[in-house]
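Below: one structure, written as structure tokens.
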Amino acid sequence: MNYFLTDDQKMIQELAAKVAKEKIAPVAAHYDETEEFPWDIVKSLAQADLYRVFIPTEYDGLGGGVLEMALVVEELSKACGGIALCYAASALGTIPILLFGSEEQKKKYLPRLAAGEIIAAFALTEANAGSDAAGVKTKAIADGDSYILNGTKQWISNGGEAFINTVIALTDPTRGVRGSSAILVEKGTPGFGFGKKENKMGIRGSTTRELVFQDCRVPKTQLLGKEGMGFMVAMKTLDQSRPGVAAQALGIAAGALDKAVAYSRERVQFGKTISSFQGVQFMLADMATQVEAARALTYQAARTIDAGEKDVSKISSMAKVFASDTAMRVTTDAVQVFGGYGYMKEYPVEKMMRDAKITQIYEGTNQIQREVIALNMIKESVRATKK
Ligand SMILES: Cc1cc2nc3c(=O)[nH]c(=O)nc-3n(C[C@H](O)[C@H](O)[C@H](O)COP(=O)(O)OP(=O)(O)OC[C@H]3O[C@@H](n4cnc5c(N)ncnc54)[C@H](O)[C@@H]3O)c2cc1C
């Protein structure tokens, strides 16, 4: 399908596809096996200027937006959903600075993020605050010109590797979620350490780790926006980052579809390639249709955000739900097309199926996304009735 991408967008897409093919595909199985953090790939992405694509030109970026970020994530995910997350999670950690950073904060961090010299992370989740993100307990209590942070963030992508971390913490615990704030914490700040590194089902080419704060003193100049805006910063950030998860899901699904089509043309049973059986053809047709629909919705969500539309929660959640459910279905069917070989680690599709699963869970589970979609629909209906 023609998505009428600009020449610059096509160039970004081609560049990301080249890095994915030449640098990521050959090492995807290695990182899946070892769960090491792929710093060599981060370097390649930086050399290809791919961290610049969604950062404004005044901060050494290329001036693109969510669509450019999504195009990169999609291409990288075709080769490895895990390694792609190292890039996407840095975008997630960068978005709060883009949306709420002061001029000083933007000048301090964005050029280094654009160059890929440092990467970012976003820390909202805690052991007892997952879907119920408003239940965070990490505190950031004012003390003179600083905040003192105490608490633990769980399952943070790029945790331990990111230099700059957006941390949602309570500056006024008496006000609950209305007393939360977003604070930028640099790696190396005394009192900021790292806990358990997770051993995961999929996206093993990425790091998921605890961030631990013990009397960690951070200057008040690291506050994003104003005190009390933490939950809002988190929700607005997720609105903009969810098309990135959709793009990751889309890339994994598209990668699995390519492998399934190629395999169906090679595998011979009953004296014919399995691609000649209608049962297999119909599976491939459904997979391709779902992938294309996921792509259309993902790009449209990204374009809507980039156009400056204010209320983007619904379309952003729709893209995330649809693309991630597609990724799970398509990768499961890709394993089916490969038959028993699909179940074996020597073939790439079992990894894709494992990598796909997380896209239905993080940045808000698909149950929570459906809630967001429905609540927005009801709000719109109430508004329309009042007119
Ligand atoms: C690999 C990985 C990487 C992650 N990276 C990050 C990161 O970088 N930063 C970060 O802040 N967080 C991160 N997370 C956390 C992630 O966003 C949460 O896991 C997710 O939001 C769900 O929270 P939970 O796991 O506590 O599930 P729970 O909230 O305990 O949910 C359990 C089940 O109950 C359902 N459920 C809960 N509430 C409702 C409801 N109201 N209605 C219907 N169903 C409901 C859920 O859909 C789910 O099926 C990561 C998680 C993982 C696994």
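Each ligand, and each atom within it, is numbered from 1 in the order the structure gives.
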Kindly indicate, with the supporting measurements, whether the criterion salt bridge (charged side-chain N to carboxylate O under 4.0 Å, His left out) is fulfilled by Arg52 and Asp49.
CA-CA 5 Å; Arg52 296 188 195 278; Asp49 283 333; 2.9 Å; yes

Report the C-alpha distance between Arg242 and Glu363 in whole Å, list the side-chain angles of each, state the deciding distance to 0.1 Å, and finish with yes or no for salt bridge (charged side-chain N to carboxylate O under 4.0 Å, His left out).
CA-CA 7 Å; Arg242 280 177 183 144; Glu363 295 198 25; 5.2 Å; no

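Of the N and O atoms on the side chains of Tyr362 and Gln248, at least one donor lies less than 3.5 Å from an acceptor on the other residue. Using modelled atom types, one finds a donor on one side chain and an acceptor on the other under 3.5 Å when comparing Ser146 with Arg217. Using modelled atom types, one finds no donor on one side chain facing an acceptor on the other under 3.5 Å when comparing Asn158 with Ser90.
Using a 4.0 Å cut-off to heavy atoms of Glu363, the atoms of ligand 1 that qualify are 17 (O). Under a 4.0 Å criterion applied to the non-hydrogen atoms of Ile156, ligand 1 contributes the atoms 7 (C), 8 (O), 9 (N), 10 (C), 11 (O). The contact set between ligand 1 and Ile361, taken as ligand atoms under 4.0 Å from a residue heavy atom, comprises 20 (C).
Classified by interplanar angle (parallel below 30°, tilted 30° to 60°, perpendicular above 60°), the ring pair Tyr263/Tyr347 is perpendicular.
Between Glu35 and Lys200 a salt bridge is recorded (basic side-chain N to carboxylate O distance below 4.0 Å). Lys153 and Glu126 are joined by a salt bridge, as a carboxylate oxygen and a charged side-chain nitrogen come within less than 4.0 angstrom of each other. Salt-bridge check for Arg370 with Asp325: passed, with a basic side-chain N closer than 4.0 Å to an acidic carboxylate O. Ionic pairing of Glu309 and Arg303 is not present here: no N-O contact between side-chain nitrogen and carboxylate oxygen is shorter than 4.0 angstrom.
The nearest heavy-atom contact from the protein to atom 48 (C) of ligand 1 is Thr365 CG2, 4.1 Å. Atom 24 (P) of ligand 1 has as its closest protein heavy atom Gly130 CA, 4.0 Å. Looking only at protein heavy atoms, the nearest one to atom 38 (N) of ligand 1 is Ser131 CB, 3.8 Å. For atom 12 (N) of ligand 1, the nearest non-hydrogen atom of the protein is Thr125 OG1, 2.6 Å. What sits closest to atom 52 (C) of ligand 1 on the protein, heavy atoms only, is Ile358 CD1, 3.8 Å. Summary of contacts: the protein heavy atom closest to atom 13 (C) of ligand 1 is Trp155 O, 3.1 Å. Closest protein heavy atom to atom 42 (N) of ligand 1: Glu371 OE2, 3.3 Å. For atom 39 (C) of ligand 1, the nearest protein heavy atom (residue, atom name, distance) is Ile368 CD1, 3.8 Å.
Remark: atom 35 (C) of ligand 1 lies closer than 4.0 Å to no protein heavy atom. Contact annotation for atom 30 (O) of ligand 1: protein absent (non-hydrogen atoms, distance under 4.0 Å). For atom 22 (C) of ligand 1, the protein comes within 4.0 Å by at least one heavy atom.
With a heavy-atom cut-off of 4.0 Å, Asn158 does not touch ligand 1 at all.
Of the candidates Ala234, Ala133, Gly364, Ser157, it is Ser157 that places a heavy atom closest to atom 3 (C) of ligand 1.
Remark: ligand 1 and Lys200 share no N or O pair separated by less than 3.5 Å (distance only, no angle test).
Of the candidates Lys220, Glu227, Lys139, Tyr147 forms a side chain to side chain donor-acceptor pair (under 3.5 Å) with just one, namely Glu227.
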